[in-house]
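To start, the structure under review is shown below, and the notes come after it.
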Amino acid sequence: MAEPQNDPKIIGEANLNQPPFYRRIYAIVHDIPKGRVSTYGAVALAAGKRGGARAVGNAMNRNQDTACVPCHRVVKSDGNVGGYYSGTAEKIKRLNDEGLKIKKNGQITDFDSVLFTDFNVISEREISDL
DNA sequence: TGTGTGACAAAGC
DNA sequence: AGCTTTGCCACAC
C-alpha cells in the first residue's frame, strides 16, 4: 500500500519521477472535489509550507497527468483563476464544465462558497512553527 | 556557485 | 489600486 504521494493511482504514473515536494502537492490537489477550487497558498500550507505558493504553481505547471491531478482547480488567493500551462482560456473552460462561473475580469463567481481548504492531509511539524 | 525566473502570497508603503 | 520586498521549491544558465 503506497503512500498517497507515491501512488500512481493518485498522482498519475507520469508524475512518479517528480520531486518529493511536487508529489506531495499532487496528492493534495487530487483531493479537491469537482466543482470546487482551492488556492496555491492553501495547497502549500496543506503540504506544510507556508509561503510556498510559488512552488505550488511551478508544480502545477509541470503536472504530467491532468486526469489524476486536477490542476485547473487551483486558483489565486484573490479569486482570480490564475494561469494555466495551455492558457487561461482553457482553464476557464474546464471550470465552466464543472459548473463554475467566471466573470469577465477573471474572477470566480461566489469564490468564497466554492473555495475548498479542508484537506485532511498532513504536514510536517514545520506547521506548528508558524 | 550564484543568479534569475516562474500557473503565487502576504505584508508594507 | 499599484508597486516592492521577502519567502518558497526546482531548474536553467
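Heavy atoms only: backbone and side chains are in, while hydrogens, waters and symmetry mates are out. Labels below follow one simple rule: chain letters A, B, ... track the order of the sequence lines, proteins then strands, and each chain is numbered from 1. This structure is a prediction, so every number in the text was calculated from the model and none was measured.
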Q. Taking A:Ser38 for the side chain and A:Thr117 for the main chain, is one N or O donor matched with an acceptor at less than 3.5 Å?
A. no
Q | Backbone of A:His72 reached by a side-chain donor or acceptor of A:Arg94 within 3.5 Å | A | no
Rounded distance in Å between the [atom1] positions of [N] and [M]:
N: B:dA7; M: C:dT6; atom1: P; value: 22 Å
N: C:dA10; M: B:dA10; atom1: C1'; value: 22 Å
N: B:dG4; M: C:dT4; atom1: P; value: 16 Å

Where the side chain of [X] is concerned, which of [options] is the nearest nucleotide?
X: A:Arg62; options: C:dC11, B:dA7, B:dC8; answer: C:dC11
X: A:Pro19; options: B:dA7, C:dA10, B:dA9; answer: C:dA10
X: A:Ser77; options: B:dC8, B:dA10, B:dA7; answer: B:dA10
X: A:Ala55; options: B:dA9, C:dC8, B:dA7; answer: C:dC8

Length of the line joining [X]:[atom1] and [N]:[atom2], which is rounded to integer Å:
X: A:Ile25; N: C:dA10; atom1: CD1; atom2: P; result: 8 Å
X: A:Leu45; N: B:dA9; atom1: CG; atom2: P; result: 13 Å
X: A:Gln18; N: C:dA10; atom1: CD; atom2: P; result: 10 Å
X: A:Arg73; N: B:dA7; atom1: CZ; atom2: C1'; result: 17 Å
X: A:Lys76; N: B:dA9; atom1: NZ; atom2: P; result: 6 Å
X: A:Gln5; N: C:dC9; atom1: CD; atom2: C1'; result: 15 Å

Q. Hey, is A:Arg73 close enough to A:Glu98 for a salt bridge, meaning N to O under 4.0 Å?
A. yes
Q. Between the base of C:dG7 and the side chain of A:Arg54, is there any donor-acceptor pair under 3.5 Å?
A. yes
Q) Side chain of A:Tyr22, base of C:dA10: donor and acceptor closer than 3.5 Å? A) no
Q: Name the pairing partner of B:dT5, where a pair is Watson-Crick or G-U wobble with both distances under 3.5 Å, or state none.
A: C:dA10
Q: State, yes or no, whether a side-chain contact exists between A:Ile25 and A:Met60 at a heavy-atom distance under 4.5 Å.
A: yes
Q) Which part of the nucleic acid, if any, lies within contact of A:Phe21, taking any heavy atom under 4.0 Å across all strands shown: a base, the sugar-phosphate backbone alone, or nothing? A) sugar-phosphate
Q) Heavy atoms under 4.0 Å, any strand shown: does A:Gly41 hit a base, just sugar-phosphate, or nothing? A) sugar-phosphate
Q: For side chain to side chain donor-acceptor pair (under 3.5 Å), just list the numbers for A:Asn6 and A:Arg23, CA-CA rounded to whole Å, side-chain angles, deciding distance to a tenth of an Å, and then say yes or no.
A: CA-CA 7 Å; A:Asn6 295 324; A:Arg23 296 204 307 269; 3.0 Å; yes
